[in-house]
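Notes for the one structure printed next.
No hydrogens, no waters, no symmetry mates; every other heavy atom, side chains included, goes into these values. Nothing here was measured: the structure is a model prediction, and the numbers come from that model. A note on names: the letters A, B, ... follow the listed sequences, proteins ahead of strands, and every chain is numbered from 1.
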Number of protein chains: 2
Amino acid sequence: MKYIFLIGLLLITYGAAGASIIDGEDGYRLWLKYDPINDDDLRATYAKQVSSFYLSGDSDTMKVIGEELAFALNGMLSQAKQVNASQAGLIVAAGDKANALAARHKLDLKAAGDEGYLVYQVQHGNAEKVMVLANTEVGALYGTYRLLRQLQTRQPLADMAIVSQPDIQLRVLNHWDNLDRHVERGYAGESIWDWHKLPDYRYQRYVDYARANASIGINGTVLNNVNADPLILTDHYLEKVKALADMFRPYGIKVYLSVKFSSPQLVGGLDTSDPLDEDVQQWWQAKVDDIYEHIPDFGGFLVKANSEGQPGPGDFGRTHAEGANMLASALAPHGGTVMWRAFVYANEKNEERSKQAYSEFKPLDGKFDDNVLVQVKNGPIDFQPREPFSPLFGATPETPLMMEFQITMEYLGFSTHFVYLGPMYEEVLSADTYARGEGSTVAKVIDGSLFDNNTSGMAGVANIGTDRNWTGHIILQSNWYVFGRMAWNPQISAEQVADEWVRMTLSNDNEVVATVTEMMMKSHEITVNTMTPLGLHHIMGAGHHYGPAPWVDSLGRADWNSVYYHRADDEGIGFDRSPSGVNAVEQYFSPLKEQLADPATTPEKYLLWFHHLPWDYQIKSSGRTLWDELVHRYYKGANDVKALEQQWDSLKGEIDPLQFHQVQMAMDIHVKEALWWRNACVLYFQQFSDMPIPDGLPKPEKSLKQYQKMSFPHAPGQG
Amino acid sequence: MKYIFLIGLLLITYGAAGASIIDGEDGYRLWLKYDPINDDDLRATYAKQVSSFYLSGDSDTMKVIGEELAFALNGMLSQAKQVNASQAGLIVAAGDKANALAARHKLDLKAAGDEGYLVYQVQHGNAEKVMVLANTEVGALYGTYRLLRQLQTRQPLADMAIVSQPDIQLRVLNHWDNLDRHVERGYAGESIWDWHKLPDYRYQRYVDYARANASIGINGTVLNNVNADPLILTDHYLEKVKALADMFRPYGIKVYLSVKFSSPQLVGGLDTSDPLDEDVQQWWQAKVDDIYEHIPDFGGFLVKANSEGQPGPGDFGRTHAEGANMLASALAPHGGTVMWRAFVYANEKNEERSKQAYSEFKPLDGKFDDNVLVQVKNGPIDFQPREPFSPLFGATPETPLMMEFQITMEYLGFSTHFVYLGPMYEEVLSADTYARGEGSTVAKVIDGSLFDNNTSGMAGVANIGTDRNWTGHIILQSNWYVFGRMAWNPQISAEQVADEWVRMTLSNDNEVVATVTEMMMKSHEITVNTMTPLGLHHIMGAGHHYGPAPWVDSLGRADWNSVYYHRADDEGIGFDRSPSGVNAVEQYFSPLKEQLADPATTPEKYLLWFHHLPWDYQIKSSGRTLWDELVHRYYKGANDVKALEQQWDSLKGEIDPLQFHQVQMAMDIHVKEALWWRNACVLYFQQFSDMPIPDGLPKPEKSLKQYQKMSFPHAPGQG
């Protein structure tokens with residue numbers, strides 16, 4: 001191994017022209033920046049402890065560990081050296097070697113499991129050494145990133161005694177990326193997969209993508225859109241998939257594919273895709289065998305079936321279980337998994353949309369093969385800014401459920417708002433389903449502990465694109481980060497994750513960290529208020545979901561229209577999902593179902609999700625009427641975004657100027673759009689309430705008609 | 001002005017995993033790299049001469065000059081300082097100040113014209129000073145880049161005495177970029193214009209785009225596709241256009257827009273777009289006035305009318321001149337220009353496609369307003385790998401013609417081949433039209449000198465996208481570069497431009513420069529042989545134009561099919577455009593028309609463009625039969641690409657490893673695809689010739705059927 005050091009001289013100029021910043025931190029490096037540690041004492045201490053390191057092997061993964069250590073330690077400490085074990089301050093070991101070291105130091109390596117690690121400082125002979133020990137080499141890679149984080153966040157290495165293994169087995173990004181590089185619901189450029197140039201042309205970005213994921217424990221990636229193109233299963237594309245799988249393998253990342261259920265007909269030349277048809281079964285088996293011949297660690301399939309026009313087993317009179325199991329039995333001999341989405345709702349069904357996934361899948365509990373996970377969106381509708389958790393969580397003891405979170409900002413301002421999703425994920429994961437009494441949190445459902453499932457998973461719909469900073473602006477990188485961290489440990493606090501992310505990405509200055517962390521922690525609540533306060537939902541622009549459009553009432557399906565969801569009328573507003581209405585609350589366990597059945601005991605954040613209430617209904621927390629509270633929330637949301645921007649402005653000079661500028665431009669847009677939401681929604685709902693905007697609040701500049709006339713045919717991300 | 005220096009420590013590791021290059025020169029900096037000059041003596045000499053500089057003003061353009069000088073000189077010399085005139089080694093001056101200095105040193109500043117410059121070393125008092133003098137500030141900017149190039153290519157500053165002004169007035173990039181960021185015929189990612197986030201979110205890339213263009217003298221950019229979306233003329237988008245124009249203004253770059261001729265109907269609410277209708281005229285006038293109110297230096301409109309389904313004046317029974325003049329009179333009061341494309345061909349016309357533009361526009365000569373340029377593609381068909389020049393050049397003494405070159409690689413391997421377009425541009429520009437006797441080159445037509453036109457222009461269809469390296473791989477940056485240099489000076493040699501580009505982009509080592517320049521200079525000829533030797537044309541895949549498909553015969557229009565163009569049959573191959581055929585040669589001047597009428601005097605490179613010849617026709621240069629020569633060229637092309645790759649491989653270690661690797665990956669694809677072209681075309685044409693592949697040549701691995709079955713529904717860039 002050979003190292004070359006290049007000194008790059010970067011210059012930043014500030015002039016009056018505005019156009020004058022020539023270089024700076026553009027965000028490409030994500031949270032793996034490894035900039036020099038300026039504190040001489042600390043740097044010297046770290047250097048003494050870990051700048052000389054030993055690796056227990058030379059597999060591809062160990063090589064990757066060595067390269068990352070060399071890169072990171074040279075960056076932070078200006079020194080790094082791979083040496084033999086006796087000279088090393090840092091020992092990274094896996095397998096037998098790790099076992100021997102663990103035994104010698106009386107450490108319990110079993111506690112690291114298959115993918116976890118121990119990071120300990122130990123007295124080794126007459127020297128103190130830092131040890132990263134794991135049963136597997138990928139465990140050692142994760143442990144290495146854990147150790148590096150300690151340096152990145154300026155924590156001491158002395159007395160480290162960390163034992164960690166993931167609570168969730170499949171920690172997977174879902175890319176809704178089409179083969180033409182359009183990303184459905186993508187707001188950060190186009191797909192990073194350049195299918196046309198693969199397999200020969202391999203971007204450095206592919207490697208850096210793998211590094212970033214491995215650093216937060218993500219171990220799988222579904223490369224293509226759930227609205228799948230059947231061509232992905234042709235040799236032409238599988239050759240390209242293999243190229244990516246080969247690049248990701250050393251980083252412990254398995255490749256999965258979304259498949260179209262009718263592939264046997266579309267690319268296989270069969271005249272049916274009936275899962276009980278033998279030719280169909282054989283076609284899939286042969287296809288799967290072929291994939292594994294080229295990609296021995298292939299992960300498996302993600303399937304969106306009988307949903308929003310996608311084909312599925314229902315087209316042949318079969319159940320979701322029959323469809324999923326057919327694929328599962330083709331994958332089983334190779335150790336592959338089927339991730340079968342529960343996001344289904346059908347026009348033909350005479351049932352309210354939020355109830356359909358439960359109705360469809362609850363009866364199938366116990367009917368799925370062992371290597372099937374049913375993948376459920378966090379809420380019962382569709383990634384709204386805020387939803388109650390889906391009642392499916394807890395309802396299927398025999399069927400492991402995989403959480404599907406959205407990381408990309410389809411409903412939360414695309415990529416120009418300042419929103420940290422940690423608190424939203426935490427709210428969902430910590431919610432109590434009461435499935436086995438109090439404490440039966442969603443986290444315990446999906447990590448498999450509540451029902452002792454033998455498999456578990458969490459998926460995140462990626463916010464990654466070809467934008468130089470990957471995610472649209474730098475703050476949104478934290479959502480990729482927190483997804484990975486919570487998939488590893490669904491109990492971790494969003495605030496802790498924000499703190500470490502800020503330290504690695506923006507600054508280790510404690511005041512800056514405190515300010516940005518506080519901004520991040522409140523940003524989701526603020527943004528919910530700007531769009532859909534009090535449990536409102538799905539009132540965005542039709543199709544692209546950009547901007548406010550509570551007036552949408554003419555789409556092909558009733559449950560695609562805004563008016564279906566807010567149900568504003570002269571009497572009041574909100575969707576009566578209580579027993580007096582569509583009774584969606586019955587799908588929850590007691591005592592939650594009783595609590596949600598009554599507006600008085602329903603949390604205010606879900607009020608209009610579950611109840612249609614009169615405009616003069618009195619809001620408990622404030623004493624305001626519902627109308628006044630609604631207006632108040634919209635105004636407060638817009639004001640809070642402005643205040644958020646001012647908080648960011650206060651950091652000028654404390655943060656790299658390009659990073660600072662990037663977020664500032666996004667926040668300008670966030671402020672503008674919060675006002676737009678406020679004005680459009682208040683004017684629209686006022687038609688029904690016939691009540692005034694409370695005194696003292698500024699009136700909207702435009703008329704409702706003007707807001708309604710705005711159109712955005714080229715808004716990004718449309719499906 | 002304040003400068004901050006950041007020391008960036010970049011590390012490159014080479015490991016066995018292939019995935020191991022962590023950082024390096026990714027190509028984003030283009031030819032403006034300004035890396036440190038290692039030769040101590042030379043660096044010291046330069047530093048003494050120009051590291052302290054004086055600027056004659058503080059306009060936005062002067063600020064830009066100061067920033068570029070500071071950035072470049074700090075980069076190359078590690079020192080740069082803006083000082084007062086008496087202390088400065090380098091003086092950059094424009095306007096009165098420049099005039100005074102020129103007078104003092106007896107320099108003829110008039111020779112610099114409106115956009116040009118003088119760069120002189122002079123004895124000033126008792127010191128030698130380098131002076132960049134210009135009548136305008138943008139001239140001073142161009143002169144500054146000229147001076148910096150001297151340092152970048154390690155040439156002496158002593159005795160510099162450079163006078164330069166552009167021969168062509170409008171030097172313009174055409175972006176075929178849609179408002180949804182898809183780039184028609186784009187192979188380097190998506191559009192760099194993020195319309196959704198504009199005007200508030202302004203990428204650093206916008207500035208660097210302007211810097212790159214200014215450095216090679218490009219002074220205009222058409223932001224959107226000639227297949228224009230009428231929404232570009234709505235307030236919503238004009239606000240975004242203004243943001244870009246504001247950023248580009250200090251760099252001397254004007255913004256132009258492609259407009260849809262039926263905009264009055266599509267976004268104006270009128271019921272006609274007839275150019276002679278008063279309401280239509282008023283609508284355009286009001287629209288233009290509004291644009292200039294916000295963008296006072298707006299450039300004007302580019303129009304594709306009555307071509308490939310686009311609306312135009314013909315829809316209302318009007319001529320191209322009537323359509324163009326209507327727009328021209330709206331723009332004239334503001335100094336704006338209409339660029340009206342001559343790329344028209346109609347199914348209804350009973351005339352061969354290559355002849356139609358001439359037939360349509362020649363009779364209109366003299367009928368266009370003064371601020372109209374007719375924009376003509378270099379060849380009579382459509383940007384083929386090689387075409388004879390369009391017979392329109394020279395045919396319209398009263399009408400200035402704007403050259404339209406393609407920089408993007410629609411027909412030359414997308415962005416994965418190694419092709420330098422300099423020799424192709426040079427071939428076209430130096431071709432003799434004989435319009436006013438010998439020496440009436442195309443260059444003299446388009447620079448306006450042949451017919452003493454008062455305006456002139458050259459357009460290049462950009463190859464720019466969001467790829468980090470802008471153009472797909474680094475070598476293709478040279479095509480953007482050479483376009484700009486030849487638009488400034490259409491007489492410059494492609495080889496000189498290649499030499500300077502290599503020095504600025506890859507290496508100043510003379511051997512490396514010689515090798516790469518030689519590779520570049522032969523690359524176009526080689527690639528033509530791999531695809532369309534001997535004057536063949538338009539036999540690429542249907543629609544996307546990817547890969548060989550001489551068999552295409554079923555598209556909606558006869559002249560969209562490959563078989564229309566190659567006309568292979570049992571008798572022979574080629575398109576008889578001589579007097580015995582469609583007589584396209586009659587559109588050229590004598591003696592060219594007579595020369596092209598006879599296969600014996602037609603240059604071999606155009607042989608099958610103008611003649612249908614028997615398979616056993618004897619090729620003069622080689623003595624081979626036509627069949628053998630055709631096969632020979634395809635095999636030679638593929639072999640030459642392989643040899644080109646080996647030449648590149650020989651540079652390993654001499655070029656930055658990331659740059660080296662990037663081109664190597666592209667060349668792997670070039671080699672593969674040259675073989676694909678060879679095999680598919682030889683097998684296909686063999687059906688007609690019924691003659692064997694000459695002995696000693698390896699036979700194609702696949703059958704013709706297999707090549708014909710290949711399909712690429714997601715090939716990039718489709719319109």
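Salt bridge status for E67(B) with K63(B): absent, with no side-chain N to carboxylate O gap under 4.0 Å.
A cation-pi arrangement, defined by a distance under 6.0 Å to the six-membered ring centre and an angle within 45 degrees of its axis, is absent between R205(B) and W193(B).
One N or O on the side chain of W470(A) and one on the backbone of Y28(A) form a donor-acceptor pair closer than 3.5 Å.
At a threshold of 4.5 Å between non-hydrogen side-chain atoms, the residues M665(B) and D200(A) do not count as touching. When side chains are defined from C-beta on, Y209(B) does not count as touching L30(B), because their heavy atoms never get closer than 4.5 Å. Side-chain contact between R468(B) and R468(A) is present, with heavy atoms from C-beta onward closer than 4.5 Å. Taking the side chain as every heavy atom from C-beta outward, D656(B) and F660(B) never approach each other to under 4.5 Å. A 4.5 Å side-chain heavy-atom check between T234(B) and V267(B) finds at least one atom pair inside the cut-off.
Looking at F414(B), only its side chain comes within 4.5 Å of chain A, counting heavy atoms on both sides. Of the two parts of S415(A), the backbone and the side chain both hold a non-hydrogen atom closer than 4.5 Å to a non-hydrogen atom of chain B. If you measure heavy-atom distances from Y34(A) to chain B, you find no contacts under 4.5 Å at all. Contacts of D194(A) with chain B are absent, with no heavy-atom separation under 4.5 Å from either backbone or side chain. Contacts of H236(A) with chain B are made by side-chain atoms alone, with heavy-atom separations under 4.5 Å and no backbone atom involved. For Q662(A), the parts sitting under 4.5 Å from any heavy atom of chain B are the backbone and the side chain alike. In this structure, no portion of D235(A) lies under 4.5 Å from any heavy atom of chain B. For a residue to count as touching a neighbouring chain, one of its non-hydrogen atoms must lie under 4.5 Å from one of that chain's; by this rule Y237(A) touches chain B with the side chain only. When heavy atoms are compared at a cutoff of 4.5 Å, D246(A) does not approach chain B at all. No part of D35(B) comes within reach of chain A, as not one of its non-hydrogen atoms sits under 4.5 angstrom from that chain.
Under the side-chain contact (heavy atoms from CB on, under 4.5 Å) test applied with H473(B), the options D467(B), I669(B), T416(B), V663(B) reduce to a single match, V663(B).
Among M710(B), R181(B), Q664(B), R202(B), the residue with the largest count of heavy-atom pairs under 4.5 Å with chain A is R202(B).
Taking Y203(B) as the reference, Y201(B), Y206(B) meet the ring pair (Phe, Tyr, Trp, His ring centres under 6.0 Å) condition, with sequence neighbours excluded.
Taking the centre of each ring, Y187(B) and H196(A) stay at or above the 6.0 Å mark.
Identified by a heavy-atom distance below 4.5 Å to chain B, the contributing residues of residues 712-719 of chain A are F712(A), P713(A), H714(A), A715(A), P716(A), in residue-number order.
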